[in-house]
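All chains are named by letter (A, B, ...) in the order of the sequence lines, taking the proteins before the strands, and each is independently numbered beginning at 1. All values derive from a computational prediction rather than experimental measurement. Computed over heavy atoms, backbone and side chain alike; hydrogens, waters and symmetry mates excluded.
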There are 2 protein chains.
Amino acid sequence: MNSIRYALLSLLAREPLSGYDIKQHMNGRLGPFWKVGSNQVYPELSKLEGEGLIRLLGVEQLSYRPARKVYELTDSGREALAEWVLEPAETEFSLRDDFILKAYNLWLVEPEQMIRQLERIQQHHEAKLAAYLDKSAELERALSGKTSSDPLYGTAAVLDFGIRHERQYLEWCQEWIRRLDGEGAGPK
Amino acid sequence: MNSIRYALLSLLAREPLSGYDIKQHMNGRLGPFWKVGSNQVYPELSKLEGEGLIRLLGVEQLSYRPARKVYELTDSGREALAEWVLEPAETEFSLRDDFILKAYNLWLVEPEQMIRQLERIQQHHEAKLAAYLDKSAELERALSGKTSSDPLYGTAAVLDFGIRHERQYLEWCQEWIRRLDGEGAGPK
DNA sequence: AGATACATGTAATACGTTACATGATTTT
DNA sequence: AAAATCATGTAACGTATTACATGTATCT
């Protein structure tokens, strides 16, 4: 628990960043998995600084703008992160997806309407998959020759998970469209 | 948002239940996806009753125990649920899994240690998969001949998703164990 | 002229988890 | 004799989302 702090450390382990940068990263590139608001980022950064896990690298001031405070990971921060990575992982994962709950109620509605819902969701995941595959192609090129101690390796692992997840989701949609379709059209 | 109310309605759409029953169902059979505490269930039940989506079917009183209040879905509750099911679904799903965040940091630690982590997680998902497959075999038997308007159809859809998810997770673990393994043993 | 990006931060609100309180019965 | 089960509910806490406040430069 309290994974956000580790999310912040994970990003800072790769490069120095400001709170704003972190927010952008999480809601952008790493978006599929995590999202944060500024209210979580800034206080947590202060805490981490207080604990000596990160340190203020520098402040970029543009006079008309709030100071841009860039943080970097300290050695003890790097240690804490590595320790956490190797800790026995929480086996409880949530997998709370509204749509799955909707599917649980598929028996309540007209098959044709449920099919339409499934198709809509399917399209959404197709788009996501396509985006991930694009990124992946790029990444794989950059990855050649690099060893597993390169940060890109971690990026690739997460991206790969995302790709597999989207594929699996799509197949599930297809399967249940098929099942519901066979039903409605079947005994005529 | 506020999916818990729909989770409660989803269960009550199948059979009348008490708050306690609901809690047990969610943390047991439907456990992989949802969990709730009593503090969420009881207030929400009161709210739903106030809105006329559910009604008190009866109270079982055993003198030495708190009254067991059993609720059932009303017609307007069933309508509200069906409407929600057909609403354009939220495309934002979280997929927040601590272990994926750990994997993002795999480059920070010794490959052999990460492999051990992956193997541990793999075992966990193997066990889950086995449990789901058991349930699924049972379900498929009970399902034969039933149409898509049977609640079991919804159960099957969710279970199927769980099975696919676990399989996908396993494959991902295997792939990354392989990749890290090939690394360490490779250029010797 | 108006919206968006930059950049920090706070406040209000919603959602979720853990722990507590009660109290007899049944299981270990 | 101790612990778990049943059954409701409240309280305290922790985490997350949304909105707000500030203020200039740049893009449309």
Cationic tip of B/Arg164 above A/Tyr169 ring, under 6.0 Å, 45° of axis: no
Interatomic distance, B/Asn27 CG vs D/dC6 C1' [rounded to whole Å]: 15 Å
Donor-acceptor under 3.5 Å (A/Lys69 side chain, A/Gly58 main chain): no
Distance in angstrom units between B/Asn2 CG and C/dT13 P, rounded: 17 Å
Nucleotide C/dC15, atom P - distance to CG of B/Asn39 in whole Å: 13 Å
Non-hydrogen atoms of A/Gln117 and B/Glu87 that approach each other most closely: NE2-O, 2.8 Å
Residues that A/Ala67 engages under side-chain contact (heavy atoms from CB on, under 4.5 Å), provided they are two or more places apart: A/Val59, A/Gln61
Rounded distance (Å) that lies between atom C1' of C/dC15 and atom OH of B/Tyr6: 16 Å
For atom CZ of B/Arg96 and atom C1' of D/dT15, their distance in whole Å: 9 Å
Length of the OH-P vector between B/Tyr71 and D/dA7, whole Å: 14 Å
Of the listed nucleotides C/dT17, C/dC6, C/dT10, the one nearest the side chain of B/Gln40: C/dT17
Distance, rounded to the nearest Å, where A/His25 contributes NE2 and C/dA5 contributes C1': 16 Å
Neighbour count above 12 (heavy atom, 6.0 Å) for B/Lys146 NZ: yes
Exam field: side chain A/Arg96 to backbone A/Leu101, donor-acceptor pair closer than 3.5 Å: no
Selection residues 2-13 of chain A - residue pairs positive for salt bridge (Lys or Arg N to Asp or Glu O under 4.0 Å), sequence neighbours left out: A/Arg5-A/Glu44, A/Arg5-A/Glu51
Residue met sooner reading DNA chain D from 5', once B/Leu45 and A/Ser38 are mapped to nucleotides: B/Leu45
Listed partners of B/Tyr153 passing ring pair (Phe, Tyr, Trp, His ring centres under 6.0 Å), at least two apart: A/Trp176
Selection from C/dT8, D/dA16, D/dT8 that lies nearest to any side-chain heavy atom of B/Tyr42: D/dT8
Rounded (10°) bend between the five-pair end axes of the helix from C/dA1-D/dT28 to C/dT28-D/dA1: 40°
Main-chain N/O of B/Ala13 paired with B/Glu72 side-chain donor or acceptor, under 3.5 Å: no
Candidates D/dA16, D/dT18, C/dA7 - which lies nearest the side chain of A/Arg68: C/dA7
Strand-adjacent residues in residues 14-23 of chain B, judged by heavy atoms under 4.0 Å from DNA chain C: none
Nearest-Å distance for atom pair CD/C1', residues A/Glu60 and C/dT8: 14 Å
Shortest non-hydrogen contact from A/Asp150 toward A/Leu152: OD1-N, 2.8 Å
Protein proximity profile, nucleotides 23-28 of chain D - base contact B, sugar-phosphate-only contact S, no contact -, cut-off 4.0 Å on heavy atoms: BSS---
Smallest separation among heavy atoms of B/Leu45 and B/Gly19, with atom names: CD1-CA, 3.6 Å
Non-hydrogen atoms of B/Leu8 and B/Val41 that approach each other most closely: CD1-O, 4.2 Å
